Amino acid sequence: MSAVKKVSSFKLASLLRRENDPSAAIKLFRNPDPESTNPQKPFRYSLLCYDLIITKLGRSKMFDELDQILLQLKNDTRIVPTEILFCNVIKYFARGRLPTRALHVFDEMPQYRCQRTMKSANSLLNALLKCGAFDETKEVLTRVGEFGKPDACTYNILINGYTQSGRFDEALKLFDEMVKKKVKPTGVTFGTIIRVLCNDLKVKEALKMKHDMLKVYGVFPTVHIYASLIKALCQVGELGLAFKLKDEVKADSAIYSTLISSLIKAGRSDEVSGILEEMREKGCEPDTVTYNVLINGVCLENDFESAYKVLDEMVEKGLKPDVISYNVILGALFRIQNWKEGAYLFEDMPRRGCVPDVLSYRIVFDGLCEGLQFEEAAVILDEMVFKGYKPRRDRLERKSVLKGDGRLDFPAKQARGMNLGVKMVQKKVAVLYHYPCHDGVFAALAAHLYFAANSIPSLFFPNTVYSPITISQLPLQDISHLYLLDFTGPLGFVQQVSPKVDSVVILDHHKTAIDTLGDVSTTCKNVTKVLDITRSGATIAFDYFTQKLKEETRGNCREMSDFKRMRRVFEYIEDADIWKWKLPESKAFNSGIIDLGIEYNFNQNSSLFQQLLSLDHDSVINRGKESLCRKHKLIHEALEHSYEIVLGGAEEFGRCLAVNGDEIAELRSELGNQLAEKSKNLKLRGVGAVVYRVPELGDETKLKISLRSVAEEDTTVVSQRFGGGGHKNASSFLLSSTEFEQWKVKRISCYNTIN
């Protein structure tokens, strides 16, 4: 009998390289030599074996198994891992959205006998920024000098990370720091900054940056930078300058496609043939994107014969029409109600080598319903259900078979298959948002952008704490879904309204909402809630609706661009609303947005959302800076007239300072905060009460008591006792002027009393 051949580390590496199944690979790694005659002798793994198994586990996101291998590697003192191995591990944890584990591995690298340099530090910074871990990023930057001198790669990672998260001001400061420290910017640096400027349509600034990169820094603009600039110029209607820039660079098909699309939109289709001829003369062949632009152009003119010719030409040129090519034609056919030809093209797509996607199905389903071809639409809906595609719910509820009684009713089987019910009366989505409140109205803006992108009819109701909307005030017969943004209504409202609509979505951050709602989703099955006291209502709504929009449109819509452009404004709204004040010039921004005086009641200001979308945080900050001094003076004068009260009228809640705020109620947050500090310094509770009347109530005897607190003082205990609510450090309630008089400490005669 021949001896059993021993498996070497070289052989194991070869086996691991060929094994595509990560689960099988980890079993092989753990037991590489099952027929060993000496099982007590440990297997001697090579660094390559470790590298291969770590790569397979990391790419497969098998992080628990990866941790076990890393522990084994740490204890295998024969092996000295390379720095690049840990760079890869950090990258894998970033892909899994595990920034803490990435940071832990980096900090433990010395225990693996591996030196840390800027290479692994850059990998860590990139991982943390991709995960949105900005606090951890700043902590690493405080000690980054331990690993070497930050280089252009470091700054490029930071600038890209901050721009991706909408923190463009911080990215520009990093650029200035980069130049100051004599780290030469690269094409990547300028490309990132110019791309963001172009996305925000700040064309003048982008062109200046392009000029400086060559004249000041000696860096030649890349074709991608020209593509961004030309696209932005076309979007703002500067086609002449766009064509001039095109002549400065060897334009690629992306640049030419952008120019062709802009010519078509500008009604200059007769110039397209000249552009195509120029492309061919310069050796730049049209690609699929170019042909799709051409298809869209002829479809806008309802010239479908030319559209099909373009498809045929693509095939002749060796290009394969993609699903976008067909969806453009499908959309145009159903737009003019040529449902027969549209349905034929849809059925012919697989034969042409293109599989319809969810958008294809939605176009066909909507088109057939508009053409009253309900039997064919039902077949399409069946296919959608089978493939896991969902039609837009509002479309399903609007487009249905006409019953004898005049109501619309889609076939019940298909509706049940989508778990959408058979309520086919045309209904709308209703949004109740906190009013008058910056946080509440921006939460409503996020909802508006989402509903606009999906063409969902919607109703907006400003909802005040002092006079909340009741069920009887809502047109429930017209409402299918209800969204409660930044305010959940009075006690019991959710439980009362949920049986009367298809669903209720709650997006809120107030402590009282969390306390009063409890586990409402258990008792009310159609209620979805996102409650997070660490964020504001606006940013909760921003994240909620952008995620839905990404999933449904792949991010390809104008509204997604609006979301990206407005992200920084939402962050400033949150910074003030939950009293973080961490963003640059945050108090100036808050002051500026107050000065704008925008009416937040949508039913009184139909252009509300357009006004909000036109805001630029820099402009708001500049406006606010001009008025901050005046407001500080008003607050200082008010503080001089503060007086002592017994909170709640009984010593149970202790004592604090109060101030009459009828004249400066819009400054109640800052006034209340400074009043709370003053109260604390006087050895009273760290709570300030701003007292003012609300004209909208129409009742002079009612007072609004707006409480603000510092440190760990919880104002909601008092507010909830009197039927109000809010955050720990900011809440409010209504009280009669007669009862409030009983709260005042009369012995302090130098203090004013309320009129």
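Scope of the values below: all heavy atoms of this structure, side chains included, with no hydrogens, waters or symmetry mates. Owing to the predicted nature of the structure, the values given are computational and were not obtained by experimental measurement.
Note: Phe602 and His448 fail the aromatic proximity criterion, with ring centroids not under 6.0 Å apart. Here the two rings, on Phe93 and Phe63, have centers that are under 6.0 Å apart.
Looking at Lys631 and Ser591, their side chains do bring a donor and an acceptor atom within 3.5 Å of each other. Between the side chains of Thr258 and Ser261, not a single donor N or O lies within less than 3.5 Å of an accepting N or O. Glu585 and Asn622 share no donor-acceptor pair across their side chains, judged by distance under 3.5 Å alone. For the residue pair Asn122 / Asn156, no side-chain donor-acceptor distance below 3.5 Å is found, with atom types taken as modelled. Of the N and O atoms on the side chains of Ser586 and Asp575, at least one donor lies less than 3.5 Å from an acceptor on the other residue. Remark: the His509 side chain and the Asp486 side chain contain an N/O donor-acceptor pair separated by less than 3.5 Å. Side chain to side chain, Asp357 and Ser360 meet the donor-acceptor criterion of an N or O pair below 3.5 Å. In summary, the side chains of Asp502 and Ser480 do not present any donor paired with an acceptor at a separation below 3.5 Å, with no hydrogens or angles considered.
Using the six-membered ring where Trp is involved, Phe563 and Phe542 have ring planes that are perpendicular, over 60° apart on the 30 and 60° scheme. Between His510 and His727, the ring-plane angle classifies as parallel under the 30° and 60° cut-offs. Using cut-offs of 30° and 60° for the angle between ring planes, the Tyr483 and Phe545 rings count as tilted.
Of the possible donor and acceptor atoms, none in the side chain of Arg708 sits under 3.5 Å from a partner among the backbone N and O of Thr715. Formation of a donor-acceptor pair under 3.5 Å by the Arg567 side chain with backbone atoms of Ser165 is found in this model. Panel note: side chain Ser228, backbone His224; a donor-acceptor pair is recorded below 3.5 Å. Side-chain atoms of Asn463 never come within 3.5 Å of backbone atoms of Tyr433 as a donor-acceptor pair (strictly under, hydrogens ignored). For the pair Tyr572 (side chain) and Pro584 (backbone), a donor-acceptor distance under 3.5 Å is present.
Counting heavy-atom neighbours within 6.0 Å of Lys246 NZ, excluding the residue itself, gives a total above 12. For Lys587, the NZ atom counts as densely surrounded, since its 6.0 Å shell holds more than 12 non-hydrogen atoms of other residues, nucleotides or ligands. Heavy-atom neighbours of Lys91 NZ from other residues, nucleotides or ligands within 6.0 Å: above the threshold of 12.
Here the shortest heavy-atom pairing between Val690 and Arg668 reads CG2-O, 3.7 Å.
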Passes ring pair (Phe, Tyr, Trp, His ring centres under 6.0 Å), Phe609 versus Phe460? Steps please.
CA-CA 11 Å; Phe609 297 128; Phe460 286 87; 4.9 Å; yes
- request: Assess whether salt bridge (charged side-chain N to carboxylate O under 4.0 Å, His left out) is satisfied between Lys564 and Asp200, documenting all intermediate values.
  value: CA-CA 9 Å; Lys564 291 178 181 177; Asp200 291 344; over 6 Å; no
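Ion pairing between Lys580 and Glu574 holds under the 4.0 Å rule for side-chain N and carboxylate O. Of the charged side-chain nitrogens involved, none lies within less than 4.0 Å of a carboxylate oxygen, so that Asp595 and Lys625 do not count as a salt-bridged pair. Using a 4.0 Å cut-off between a side-chain N of Lys or Arg and a carboxylate O of Asp or Glu, Asp562 and Arg565 qualify as a salt bridge. Under a 4.0 Å N-O distance rule, the pair Asp543/Arg535 qualifies as a salt bridge.
Within the structure, the salt bridge (charged side-chain N to carboxylate O under 4.0 Å, His left out) test picks out no pair touching residues 151-165 (sequence neighbours left out).
At a threshold of 4.5 Å between non-hydrogen side-chain atoms, the residues Thr546 and Leu549 do not count as touching.
For the side chain to side chain contact (heavy atoms under 4.5 Å, CB included) with Leu229, the lone residue among Leu197, Ile255, Ile194, Val203 that qualifies is Ile194.
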Distance-only check: which donor-acceptor pairs under 3.5 Å involve side-chain atoms of residues 167-176, not counting sequence neighbours?
| residue | atom | partner | partner atom | Å |
| --- | --- | --- | --- | --- |
| Asp169 | OD2 | His617 | NE2 | 2.8 |
| Glu170 | OE2 | Arg568 | NH2 | 3.2 |

